[in-house]
Undergrad: 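This is the structure, below, for whatever I ask next.
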Amino acid sequence: METITKAEMKKALSDKLRLNFGCTVEEATEANMMKACAMVLRDVMASRAIDTRKVTKKGEKRQVHYMSLEFLMGRSLMKNAYNLDALDAIKGALEDFGFKSADVFEMEPDAGLGNGGLGRLAACYLDSLSTLEIPATGYSICYELGIFKQKIVDGQQVELPDDWMGMGDAWLVPKPEEVEEVHFGGTIREFWDDGHLHVVNEGYTRVLAVPCDMEIAGYDTKHTNTLRLWDAKSPKPIDMDLFRRGNYLQASEEAAMAEVIAKVLYPEDNHYEGKSLRLKQQYFFVSATVQSIVRKHIQTYGTLKNFHEKNVIQINDTHPALVIPELMRILIDDAGLDWDTAWNITVHSVAYTNHTVLAEALERWPQNLVESLLPRIWQILTEIARRWQAKVENFYHDENKVREMAVIWDGEVRMANLCIAGGMKVNGVSALHSQILKDDVFHSAYVMEPEKFTNVTNGIDHRRWLSEINPGLDALICELTGGKDYLTKPNTLEKLDEFAGDAAVLERLEKIKRANKEALAKYVKREQGVILNPDSIFDIQVKRLHEYKRQLLNAMHIIYLYQQLQDNPNMEMRPHTFLFGAKAAPGYAVAKRIIHLINSLASQIAKDPICKDKLQVVFLENYRVSLAERLMPASEVSQQISTAGKEASGTGNMKFMMNGALTVGTLDGANVEMHEVLGDENMFLFGLKTNEVQEMRRNGYNPYRLYTRDPAIHRVLDQMNNGFGDGVRYEDLHERLLFGNGSSPDEYMLLADFASYCEAERRMVDTYADRKKWNEMSLHNIARSGIFAADRSIADYCDRIWHVPYKK
Ligand code: 26W
């Protein structure tokens, strides 16, 4: 592949500045420069994307459509420069122009179009889809406001709007000529004509969906795919028409609805709320996407009969589930196919990935909402539900199964059951999670259609999460494994295992980590004014705040250590820094209280002289992709401590492992597969296993008994009750751990795992003292992390679900 030279880059940048910003290199601000860099790379990718589309169309290749309400892209400048092999040219050009390239990169805001794991996964997968040369398109909504910005004020989370456009939209190319129109509400009229029943929707409200495309370059290839983000616009010229005809209400309704649909990303993670605007977003997104896929298919093939042979639609959780009735609607109402033909095409086109087993996260839309907002979709759903129910009855002859598996029941549309009925495959995101789906959550469907269920363990973009963000480690890996092979063949990392006995290599590994810790300390000082001690253990838990992820268990252990120090202020102790980063859903009161507690604890410890050079707790504000990119290279301990059976996979765990951190964790999600390759000796496992959690729940979990019998637990909980010297008491959290939510004891069983957790942390700290041992374990973690590359996950999707070829 050709490299863009520095001279060419300088020319392209100064041209861009002149033509698009009307300024010279000397006059340009860092922001101008960032945008100019983006636009130069965007041009390269736009032209490559055209070539990619030509090849795909000519070869009549099956296309992958990845639909997700979230793509947590983060920054793109470094990523795109890296994949286009233009990173050195850009850095060189910027330095020649008198800019600091790091400062220019820092101008780019994160594209925070996602909440957490599910959204970041989608972003990582886009990179692999291009790199593996798969003809693919991602689809989502072009939210004006991404995930909120978090400020911590007096220890508490405050949400600010994330107005990322303006600086962040440099990558987007609007395609107004490819607009689609989406219809809401109205009434349905049926009539016979030519011996056919016709169904028409009348009196609907229209919203225009305008594509804003972001090109996605692959690594070591010219293959370039597209992420299509739909923006909502009101059909302005036409609404004047309505207005003139006296349809005032409808005219203003169209403008109002359009404006609000693409306004903001819903910040709830793993918690369903039946908001009508959210349903509007989902249908807007689904309808625009299906129309656009169908339009292009017809342009190429002139028929929809082979739609399923040439397209596969992967849906990221149930959020785009309406794709099933929407595709049916288009096949039947617009293309005139009969139900069975349409159904056969649909079932062979759509595949569903489940990302959570939490009951409160499963989407169930109220019937009246669907019926009034989407009358035609509702009709189709009732027919899908009727036929599925007949199939279940015929298989089970059991009304309990009929109720459990129903698509529509008790006035609700159950989206997961819709996806099982209308999809060709259902996959979980780790071996354990997929097993739980088969054994438990979707057991009855599994018995009826076992071949539908499969697993694809999650993966991360290792080029971003290792090579790009940790250049020191990248250089060492290239040197030891003989070049850059590992970037396209992640299992090449295994070669590192051979150096486990090489003292010089282990020392270099430690030096790299040390330098990364210093860089993080510098950043935290600058951003938050907090001084970190790079000689201390960097022990990190970063992820969304949720009770099942058990940030509170981590905090309890810290309280326990602090109490030991209070008993014995002269206690010898290796300096230990606990770092937290987490956003709480704005409406999730308990999660916000946990953030407050961590901050109360942090400030108490910071104030107390007995903790000096021993214990520090820092809550890092506004955890996001670009912050994770600074944390992972500096991490030594990775906290993955969810209640077994609750975390579908986790992907942060993989980022830590790849950067050489050691995991303190439960056997949950992908930790299980980490353990398979690492063994007990290379991680710090603790806690109940999934089956033990279930058994304890069955036998009656009794936290109060643990509280009365274990003096450490007793004392920690009492401290929570009394608070941490800032006058704030945490009786509510104390109460919750002992008595749960009032009706059932603590779902997440923190007290049951507390002793075992403390013991694992102790083992970890003891091991840390043996530097050689620790570095050796760290090396094994990096060496065996290749299975968690997104390239591997995408290859699995190709083999097990999509049946499309990919670059090997
Ligand atoms: C409807 C509200 C809502 C919003 C988001 C419900 C559920 C979600 C997501 C499915 C939550 C999520 O991000 N799940 C995470 O997905 C990751 C990628 O597969 C997994 O690694 C995490 O374990 C899982 O919690």
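For ligands, and for the atoms within them, numbers begin at 1 and follow the listed sequence. The shown structure was predicted, so the numbers you read here are calculated from the model rather than taken from an experiment. Counting from 1, the numbers follow the sequence of the chain as shown.
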Undergrad: What residue among T353, N427, V64 forms side chain to side chain contact (heavy atoms under 4.5 Å, CB included) with I801?
TA: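 Testing I801 for a side chain to side chain contact (heavy atoms under 4.5 Å, CB included) against T353, N427, V64 leaves exactly one candidate, N427.
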Undergrad: Return a yes/no value for R278: is any of its N or O atoms, backbone included, closer than 3.5 angstrom to an N or O of ligand 1?
TA: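 The answer is no, given that R278 and ligand 1 share no N or O pair closer than 3.5 Å.
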Undergrad: Does the side chain of R736 reach to within under 4.5 Å of the side chain of V590, using non-hydrogen atoms?
TA: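 In short, these two side chains touch, coming nearer than 4.5 Å.
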Undergrad: Considering only the protein, which heavy-atom contact is closest to atom 8 (C) of ligand 1, and what is its distance?
TA: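 Heavy-atom neighbour on the protein nearest atom 8 (C) of ligand 1: N270 N, 3.6 Å.
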Undergrad: A side-chain contact here means heavy atoms from C-beta on lying under 4.5 Å apart; do V542 and M632 qualify?
TA: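 With C-beta onward as the side chain, the pair touches.
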Undergrad: Could you tell me the residue and atom name of the protein heavy atom closest to atom 13 (O) of ligand 1, and the distance to it rounded to 0.1 Å?
TA: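 Looking only at protein heavy atoms, the one closest to atom 13 (O) of ligand 1 is L118 N, 3.1 Å.
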Undergrad: Using distance alone, decide if ligand 1 has a nitrogen or oxygen within less than 3.5 Å of any nitrogen or oxygen in H355.
TA: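 Checking ligand 1 against H355, an N or O pair does fall under 3.5 Å apart.
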Undergrad: Quick one: which ligand 1 atoms are inside 4.0 Å of a heavy atom on D317?
TA: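 Those qualifying, in numeric order: 10 (C).
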Undergrad: Atoms of ligand 1 less than 4.0 Å from D269 heavy atoms?
TA: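 In order of numbering, the contacting atoms are 11 (C), 13 (O).
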Undergrad: Within ligand 1, which atoms have a heavy atom of A648 less than 4.0 Å away?
TA: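 So the answer, numbered in order with elements, is 23 (O).
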Undergrad: Begin from the C-alpha positions of R624 and K149 and carry the test side chain to side chain contact (heavy atoms under 4.5 Å, CB included) through to its verdict.
TA: CA-CA 9 Å; R624 61 197 184 282; K149 284 188 181 153; over 6 Å; no
Undergrad: Show me which atoms of ligand 1 lie under 4.0 Å from any heavy atom of E268.
TA: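 What qualifies from ligand 1 is 4 (C).
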Undergrad: For atom 18 (C) of ligand 1, which candidate among V429, D668, N458 holds the nearest heavy atom?
TA: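 Nearest heavy atom to atom 18 (C) of ligand 1 lies in N458.
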Undergrad: Do any nitrogen or oxygen atoms of E647 come within less than 3.5 Å of a nitrogen or oxygen of ligand 1?
TA: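 It does: an N or O of E647 is found under 3.5 Å from an N or O of ligand 1.
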Undergrad: Should D410 and R364 count as an ion pair when the cut-off is N to O under 4.0 Å?
TA: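 A salt bridge is absent here (no side-chain N lies under 4.0 Å from a carboxylate O).
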Undergrad: For the residue pair Q639 and E761, establish whether any side-chain heavy-atom pair is separated by less than 4.5 Å.
TA: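 Touching, per the 4.5 Å side-chain cut-off.
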Undergrad: Using heavy-atom distances only, which candidate in G116, S793, G119, G650 approaches atom 20 (C) of ligand 1 most closely?
TA: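 Nearest heavy atom to atom 20 (C) of ligand 1 lies in G650.
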Undergrad: Around atom 2 (C) of ligand 1, find the nearest protein heavy atom and jot down its residue, atom name and distance.
TA: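 Answer, as residue, atom name and distance: H271 O, 3.2 Å.
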Undergrad: Could a heavy atom of R120 be found less than 4.0 Å from some atom of ligand 1?
TA: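 Outside the 4.0 Å threshold, so no.
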Undergrad: Considering only heavy atoms from C-beta outward, does the side chain of I147 approach that of R544 to under 4.5 Å?
TA: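 Touching, per the 4.5 Å side-chain cut-off.
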Undergrad: Can you label the angle between the F442 ring and the Y352 ring as parallel, tilted or perpendicular, going by 30° and 60°?
TA: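 Because their plane-to-plane angle lies in the 30° to 60° range, the rings of F442 and Y352 count as tilted.
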Undergrad: If you count the atoms of ligand 1 from 1 in the order shown, which ones are under 4.0 Å from a heavy atom of Y548?
TA: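 What qualifies from ligand 1 is 25 (O).
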Undergrad: So, applying side chain to side chain contact (heavy atoms under 4.5 Å, CB included) with V312, which one of H803, Q63, M424, H65 is it?
TA: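 That would be M424.
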